[in-house]
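Below: the structure, in structure tokens.
Chain letters run A, B, ... following the sequence lines, proteins first, then strands; residues in each count from 1.
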Amino acid sequence: MKTGTGALKPVYILAIETSCDETSVAVVKDGCEVLSNIISSQIETHRAFGGVVPEVASRKHVEVITLVIEEAMNAAAISPQNLTAVAVTQGPGLVGALLVGVVAAKSLALAWGKPLIGTHHIAGHIYANRLVKELQYPNMTLVVSGGHTELVLMEREGEFKIIGRTRDDAVGEAYDKVARALGFPYPGGPHVDRLAREAEVAFPLPRVWLEPGSYDFSLSGLKSAVLNAVNQSKMKGLEPDVAGIARGFQESVVEVLVEKAVRAVREFSAGQLLLCGGVAANKGLREALTLRCAAEGIELIIPPPVYCTDNAAMIGAAAYVKWKHEGGIPLDMVADPGFSLEKWSVSAY
Amino acid sequence: MDNNIETVFTYRSSSLQDTDALAAAIAAVSEPGMVIGLDGDLGAGKTAFSQCYARHLGVEGIVNSPTFTIIKEYEGRLPLYHMDVYRISLQEADELGLEEYFYGQGVSLVEWSSIITDLMPPRHLHIELKSSGPEKREITVTGIGEPYGGVCRALIQKWGKET
């Protein structure tokens, strides 16, 4: 069913993201040009409410959503009548948090007489790469964040196929938990990245490849190996080699991620490798991927940090693809905490 | 006023297979509205236990850690609400409205439940995992009030007071 608009004229999408810790609103032109991208934790007005992170509670989103919408519209210098559509993260996420964004988006769509576009959060992360560069298809995305670790194939625009995912902990989560075992407060992932780069020698830790040919990941065994290493040092009355363990952990994680991502690019003849999610800010991972892709002749795209963590600009980028192929959806749309990425694929082909 | 009797069962697991057998026995007697708290240090096997439990409750596909997303919902023989309050405070958990899940029609499985002791329903099943070796775990199952005492009694009937 082809109901899309083809998007001939400039398309201005107001996008809202409230799936987890951040309240964010953006205005994006033609799915690639960010006119504004406001994230609540970064704005002054939010401090008046004594805002704390994480904003998992929907009350926190409610407190700031109207302010963030207003600021996004002002920063983009656009009036409601010039908007093409209103997009919102429909899922996955926390239902209470998602609801705030969904209700706000529906209200604006109704009040302004604009179409509504329900958007998938991970599709947003993937399309954050479109804010950096034109995408070629087929392409492969490595999604690495606190809640996700996935390899996603896009054979065509807006068509998602998950070819591998974590069977236990997400990469970002493993980093934070290892950081805690090494004595850093939550979230300590960035400390592990920094320490790993300072260490001279890596503490030997296993690589978890799973069955031959599998693109899935498993990080809980590696986390346990780190805990054992720390505990064994303590039992011997020694200080654990924190930096060495951090480096050993980072090398193990990065080697498996890079190897599987590159193998996936080859097997599916992907023209580009896209990186996204909060862990895309990890320097060890960025460097290893950059070096390996250069050696293999694979084009690698990594969005700047502000588009790697949760933000609404990426939702505007993904929503544009959906809009182009399928147009808007009815206002009786509901937030879906377990929203499937593959099912959100455009069905216009 | 809080006269919920505690029934305790201790299980010594020497492998993931042993833990799986315990999870299967608990899943078999799980009912709508049950709340299960899971505690234990990092790497003690809370998520591993949850994965076993979910599979025996009839959940298909991958059940991975909910630490970042805090709540993940699955459909099995009963709905399963897999929660993890590791990264949030008691106040934040309170504002999340977890009680809607606790008093819902599915099973709520809460990792790091000791963080939110005050929010847990007075009657629930508590499972504590302790590492006693790389593979070995000592698992203490406490049924607080009914029907949770009944769950423990079913385990005791199967394995004896302690394994």
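The heavy-atom pair separating A:Cys20 from B:Arg87 by the smallest distance is SG-NH2, 3.4 Å.
Atom CZ in B:Phe68 sits 13.5 Å away from atom CG in A:Asp169 (nearest 0.5 Å). A distance of 8.0 Å separates CG of B:Asp41 from CZ of A:Arg180, quoted to the nearest 0.5 Å. Separation of atoms NE2 (A:His121) and OG1 (B:Thr69) is listed at 10.5 Å; rounding is to 0.5 Å. The distance from the CG atom of B:Asn64 to the CG atom of A:Leu219 is 10.5 Å, given to the nearest 0.5 Å. Atoms NZ and OG, from B:Lys46 and A:Ser220 in turn, are 11.0 Å apart once rounded to the nearest 0.5 Å. Rounded to the nearest 0.5 angstrom, A:Lys60 NZ and B:Glu92 CD are separated by 6.5 Å.
At a 4.5 Å heavy-atom cutoff, B:Tyr74 makes no contact with chain A through either its backbone or its side chain. With a 4.5 Å cut-off on non-hydrogen atoms, B:Glu100 does not touch chain A at all.
In the displayed structure, B:Glu146 atom CD is contacted under 6.0 Å by more than 12 heavy atoms of other residues, nucleotides or ligands. Atom CD1 of B:Ile5 has 12 or fewer heavy atoms from other residues, nucleotides or ligands within 6.0 Å. For CZ of B:Arg123, the number of neighbouring non-hydrogen atoms (other residues, nucleotides, ligands) closer than 6.0 Å is 12 at most.
Looking only at side-chain heavy atoms (C-beta outward), A:Lys177 and B:Ser65 come within less than 4.5 Å of each other. Counting heavy atoms from C-beta outward, B:Tyr101 and A:Val95 have side chains that approach closer than 4.5 Å.
Screening A:Thr166, A:Asp216, A:Asp168 for a side-chain contact (heavy atoms from CB on, under 4.5 Å) with B:Ile62, the sole residue that qualifies is A:Asp216.
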